[in-house]
Amino acid sequence: MPARAAELPRRASVIVIGGGVIGCSVAYHLARSGRSDVLLLERRQITSGTTWHAAGLLGQLRQSVTMTNLARYTSELYGRLEQETGQPTGYRRCGSLSVTADPERFEELKRGASLAKVVGLQVDVVTAKAIGERVPLLETSDLLGGLHIPGDGYANPTNVTLALAAGARAAGARIVEQVPVTAVRTAGGRVVGVTTEQGDIDADCVVLCAGMWTRELAASIGVNVPLHACEHYYVRFGSIEGLDSKLPIVRDYDAISYFRYDAGELIVGVFEPNARPWGMDGIPDDFCFDEIAVNREHFEPLLRGARERMPALQSADVVQLFCGPESFTPDVRYHVGQAPECENCFVAAGLNSIGIQSAGGIGKVISEWILEGHPPADLWEVDVRRNMPFQGNRKYLRERVSESLGLLYAMHYPYRQFETARGTRRSPLHDRLEAAGACHGELAGWERPNWYAPAGVQALYEYSYGRQNWFEYSAAEHRAVRENVGLFDQSSFAKFRLEGRDAARVLNRVCANDVDVGSGRIVYTQWLNERGGIEADLTVTRLAEDSFLIVTAATTEVRDFHWLKAHIPGDAHCVLTNVTSAMGVISLMGPASRALLQSLTPANLANEAFPFATSREIELGYGLVRASRITYVGELGWELYVPSEFTTGVYDEIVAAGEELDLVHAGFHALDSLRIEKAYRHWGHDITDQDWPLEAGLGFAVKFDKPGGFMGREALLRQKENGLAKRLVQFRLQDPRPLIYGNEPIWLRDEIAGYVTSGNYGHSLGAAVGLGYVAMSLLPDFPELPGRFEIEVAGVRVPAEASIRPMYDPAGKRVRS
Ligand SMILES: Cc1cc2nc3c(=O)[nH]c(=O)nc-3n(C[C@H](O)[C@H](O)[C@H](O)COP(=O)(O)OP(=O)(O)OC[C@H]3O[C@@H](n4cnc5c(N)ncnc54)[C@H](O)[C@@H]3O)c2cc1C
């Protein structure tokens with residue numbers, strides 16, 4: 001039996017808040033890793049929040065290698081949990097079938113099957129005929145085919161959670177029910193324990209696993225966990241003739257439906273595109289094993305597709321129509337990791353209807369993170385540090401989660417944009433760029449021009465896995481930058497200033513490159529952790545003896561700011577300020593950028609007077625702008641940092657002068673195509689906290705011998721001595737037709753050698769280009785590469801050229817011209 005409130009200890013090393021499947025898995029993994037004084041507190045009863053009513057589907061194939069690995073581990077764990085704990089789990093390895101009648105969806109499924117090969121998950125592409133033979137209840141006449149995953153299955157969510165709790169207790173954890181945590185206690189910026197009605201309990205570390213309650217609980221200590229509950233439905237059908245207990249899980253994404261056998265009945269769930277947020281005014285205090293009143297008008301039409309796919313449902317009995325709350329997040333990815341706002345506060349919440357199938361993996365990584373002090377894998381896509389403060393706003397969440405739920409079963413098209421809660425962060429140039437034809441995409445809340453529609457063309461996406469409607473427009477932007485001059489609005493850059501007597505010393509310790517340079521110099525650098533992994537990738541500009549401008553990506557604004565802040569010693573004389581909103585950034589890139597900019601400023605822009613990697617304040621129209629000669633596209637160019645209130649005026653001057661030179665507006669799709677040809681790494685994809693600079697080919701930006709050293713130096717020296725394990729390589733497909741988007745397997749001599757970390761079409765190189773790591777053991781003659789690489793695209797292996805040096809302008813002459 002679980003422990004009762006009376007037995008509450010006064011101290012625990014880790015307190016886990018919430019006894020759903022996530023909290024129990026975290027406690028299980030922590031306890032089994034040797035943390036015996038783990039305490040889990042549950043306000044009511046274990047599973048009484050969302051967990052008890054889940055359908056229990058256990059899918060393993062996700063959209064990335066890491067997420068697939070975590071889901072896969074979960075299935076493996078559930079497969080052995082009953083034997084290990086003696087608690088039945090209802091685990092059945094019945095396999096799954098994903099079916100489709102849509103050619104684009106079939107392509108998506110096949111791309112998924114290719115990804116599965118990277119992690120060694122068996123996924124078979126099957127025909128409509130094979131699907132019909134396996135599940136005669138399905139209407140298959142319109143199907144094109146699907147995927148069969150033999151290792152998928154289902155489990156009973158309540159029993160799995162009880163088994164995790166039993167396993168945790170057996171390993172020494174204490175699980176106490178009927179004890180709501182009324183407050184999380186903090187002191188000096190770190191968590192020190194919790195408050196309950198029975199008193200305070202001290203702890204070294206707290207993990208927030210409170211499901212849909214997590215946003216409020218986290219907000220009470222200034223931690224941002226953007227999630228919100230939505231109504232989530234399934235229906236249980238009885239008396240279906242021909243229903244087979246061996247029925248695999250069936251997913252028909254086109255019909256937004258799944259089908260699962262359950263004790264002689266069939267559960268059919270749906271993922272509607274217009275979900276209904278729930279609990280906006282607060283979750284009832286007494287919520288415990290509760291359901292939500294079913295809105296039939298909303299739900300009934302959603303079943304149409306499922307009834308067409310399985311005609312027997314037309315006459316089957318509806319045994320139960322169920323609606324329960326589940327948390328959804330703004331980007332449909334869950335939240336794990338250490339909260340940046342508060343030391344030793346961990347989060348595992350916002351499960352977007354995949355909490356049962358994700359819990360094992362989440363428990364494992366959170367436990368390892370706590371015990372080892374760092375994430376055990378690249379978890380950036382679900383890292384709680386990716387969230388922007390405004391994303392916790394109720395209005396934003398209400399609008400966004402109504403879309404999030406449906407995206408689980410929607411097409412996951414490349415470049416797909418959210419439709420709700422848009423226009424949250426706009427550059428000063430937003431309206432002007434829209435007038436110039438910009439089709440804005442969203443990133444970290446920023447509206448950013450991704451491509452420009454020519455006159456007469458609507459700036460709207462038409463999605464596809466093939467060439468989308470903007471492909472040729474973006475190609476023209478790309479060419480304009482390579483051959484002439486293009487204007488990018490990069491105002492979404494995150495910008496910080498570090499100022500003070502000790503700024504140079506502090507920053508130089510955090511940067512792997514030497515930033516103790518003369519004023520006006522720009523340094524490209526990584527920030528490393530003690531293991532040598534890349535925490536951030538950015539530029540540092542020395543503004544003055546005691547002042548630095550740090551420019552990083554929009555998505556890493558929160559992460560990078562807190563990383564630096566956390567590494568400023570308490571007695572150091574320097575202040576870090578986020579100045580993102582203070583400046584717009586207009587970039588002029590391309591061989592004609594000098595002529596254009598020179599026509600607008602008295603400053604001397606000649607190569608000798610204004611060399612690459614330098615920065616200076618210049619007059620431009622009425623404005624004083626910081627011109628930084630740096631580039632992410634591999635051409636001559638300047639990033640202009642303009643005080644916000646001057647940005648539109650400066651832009652107008654540039655555009656007017658640019659007419660004569662055929663200045664072209666260019667978007668972020670072109671920018672990415674340009675950077676990948678030059679093999680510029682993209683943090684979060686090509687380089688992460690699990691990748692080292694030497695393996696990433698960034699050794700040129702590491703200054704081993706600078707005075708004072710830097711964080712991660714010793715780890716890099718050890719690695720240098722022991723030899724590298726892998727190396728980032730650039731690939732170009734030999735066939736100009738297929739497109740790659742990341743996660744495609746890299747083949748070498750009939751062996752999977754790695755996977756593509758980022759991919760795009762290279763318009764100058766005339767084919768798709770990708771980056772990806774290859775094990776050094778497969779590259780015996782490095783830096784010479786064997787010539788027999790292939791990239792697998794939707795099941796087809798396409799020969800690819802490979803190179804260690806950038807295929808475009810390997811000597812970097814254009815940048816320095
Ligand atoms: C209809 C439906 C079908 C689903 N089907 C599937 C499926 O097939 N597969 C799948 O993988 N997922 C499925 N899910 C999703 C899955 O149920 C959830 O993702 C998962 O249960 C979330 O677990 P959790 O531990 O985060 O939250 P919860 O189960 O809600 O647990 C959080 C716990 O925290 C407790 N708590 C809150 N505040 C406090 C406090 N202050 N002090 C102490 N305790 C507190 C709560 O009482 C609660 O027990 C489904 C969900 C729904 C609604």
Side-chain angles (χ1 to χ4, degrees), residues 64-66 117-119 377-378 380 512-513 524-529 531-537 634 675-704 712-713 715-734 740 742-760 762 765 768-792 797-812:
S64 74
V65 168
T66 309
K117 291 179 192 167
V118 174
V119 298
D378 165 30
W380 175 237
N513 210 336
Y524 168 60
T525 187
Q526 283 75 45
W527 291 349
L528 309 181
N529 53 46
R531 292 156 288 127
I534 303 172
E535 291 286 341
D537 179 71
R675 76 90 198 166
I676 204 159
E677 288 188 333
K678 193 74 178 74
Y680 287 149
R681 282 66 170 145
H682 187 260
W683 193 90
H685 290 104
D686 311 313
I687 45 178
T688 71
D689 56 8
Q690 306 296 314
D691 302 308
W692 288 281
L694 306 182
E695 296 181 335
L698 296 173
F700 68 90
V702 179
K703 294 292 176 293
F704 282 104
R713 178 176 179 272
L716 291 198
L717 286 173
R718 273 195 305 278
Q719 193 188 44
K720 226 173 160 186
E721 208 175 293
N722 299 338
L724 306 185
K726 59 183 184 181
R727 185 59 163 79
L728 197 69
V729 178
Q730 188 186 28
F731 300 94
R732 174 188 171 274
L733 301 194
Q734 281 175 3
I740 58 178
N743 288 309
E744 293 85 0
I746 299 166
W747 289 86
L748 178 63
R749 294 183 222 97
D750 287 332
E751 220 184 295
I752 291 190
Y755 64 94
V756 173
T757 48
S758 72
N760 201 336
L765 293 176
V769 180
L771 301 175
Y773 289 94
V774 176
M776 285 301 281
S777 55
L778 297 170
L779 306 172
D781 300 323
F782 185 84
E784 288 304 308
L785 295 175
R788 303 218 329 262
F789 284 101
E790 292 165 311
I791 308 286
E792 179 172 325
R797 278 156 62 170
V798 186
E801 291 150 26
S803 175
I804 286 295
R805 301 186 76 202
M807 292 183 188
Y808 181 79
D809 189 22

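Listed here is the closest heavy atom pair of Phe700 and Lys703: O-NZ, 3.1 Å. Taking both residues in full, the closest heavy atoms of Ile791 and Phe731 are given as CD1-CG, 4.0 Å, listed atom of the first, atom of the second, then distance. Annotation for Ser64 and Asn743: closest pair CA-ND2, 3.8 Å, computed over non-hydrogen atoms. Closest approach of Leu716 to Leu694, counting heavy atoms only: O-CD1, 4.1 Å. Annotation for Val702 and Pro693: closest pair CG2-CB, 3.8 Å, computed over non-hydrogen atoms. Contact record, Gly759 with Ile676: CA-CD1, 3.7 Å, taken as the closest heavy-atom pair.
Ala775 pairs by the side-chain contact (heavy atoms from CB on, under 4.5 Å) definition with Ser777, Leu778, not counting sequence neighbours. In this structure Arg681 satisfies the side chain to side chain donor-acceptor pair (under 3.5 Å) test with no other residue, sequence neighbours excluded. Every residue two or more places apart in sequence or in another chain was checked for a side chain to side chain donor-acceptor pair (under 3.5 Å) with Gln734, and none qualifies. Remark: Trp683 engages Trp380, Ile534, Asp537, Thr556, Arg559, Ile687 in a side-chain contact (heavy atoms from CB on, under 4.5 Å) (not counting sequence neighbours). By the ring pair (Phe, Tyr, Trp, His ring centres under 6.0 Å) test, Tyr773 is found to be paired with no residue, residues two or more places apart in sequence or in another chain being considered.
Note that CG of Leu785 and CD1 of Ile804 are 4.5 Å apart. Values are rounded to the nearest 0.5 Å. Interatomic distance, CZ of Arg749 versus CH2 of Trp747, reported as 13.5 Å (0.5 Å rounding). Interatomic distance, Gln730 CD to Arg805 CZ, rounded to the nearest 0.5 Å: 11.5 Å. To the nearest 0.5 Å, atom CD of residue Glu790 and atom CD1 of residue Ile746 are 12.0 Å apart. Here the straight-line distance linking atom CG of Asp691 with atom CG of Leu528 works out to 11.5 Å at 0.5 Å rounding.
For Trp692 (side chain) and Arg531 (main-chain N/O), a donor-acceptor pair under 3.5 Å exists by modelled atom type. Gln526 places no side-chain N or O within donor-acceptor distance of the main-chain N or O of Ala701, the cut-off being under 3.5 Å. Put simply, the side chain of Glu784 never gets that close to the backbone of Phe782: no donor and acceptor are under 3.5 Å apart.
Around atom NZ of Lys720, no more than 12 heavy atoms belonging to other residues, nucleotides or ligands sit under 6.0 Å away.
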Do Glu695 and Leu728 pass the side chain to side chain contact (heavy atoms under 4.5 Å, CB included) test, and can you show the C-alpha distance, the side-chain angles, and the key distance before you say yes or no? CA-CA 6 Å; Glu695 296 181 335; Leu728 197 69; over 6 Å; no

For residues 750-758, run the donor-acceptor check on the side chains, cut-off 3.5 Å, and write out each pair with its distance to 0.1 Å, sequence neighbours left out.
{"residue": "Asp750", "atom": "OD1", "partner": "Arg797", "partner atom": "NH2", "Å": "2.4"}
{"residue": "Thr757", "atom": "OG1", "partner": "Asp686", "partner atom": "OD1", "Å": "2.7"}
{"residue": "Thr757", "atom": "OG1", "partner": "Leu771", "partner atom": "O", "Å": "3.0"}
{"residue": "Ser758", "atom": "OG", "partner": "Arg675", "partner atom": "NH2", "Å": "2.9"}
{"residue": "Ser758", "atom": "OG", "partner": "Asp686", "partner atom": "OD1", "Å": "2.8"}
{"residue": "Ser758", "atom": "OG", "partner": "Asp686", "partner atom": "OD2", "Å": "3.2"}

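Each of Asn760, Val798, Val769, Leu733 was scored for a side-chain contact (heavy atoms from CB on, under 4.5 Å) with Ile740, with one residue passing: Leu733.
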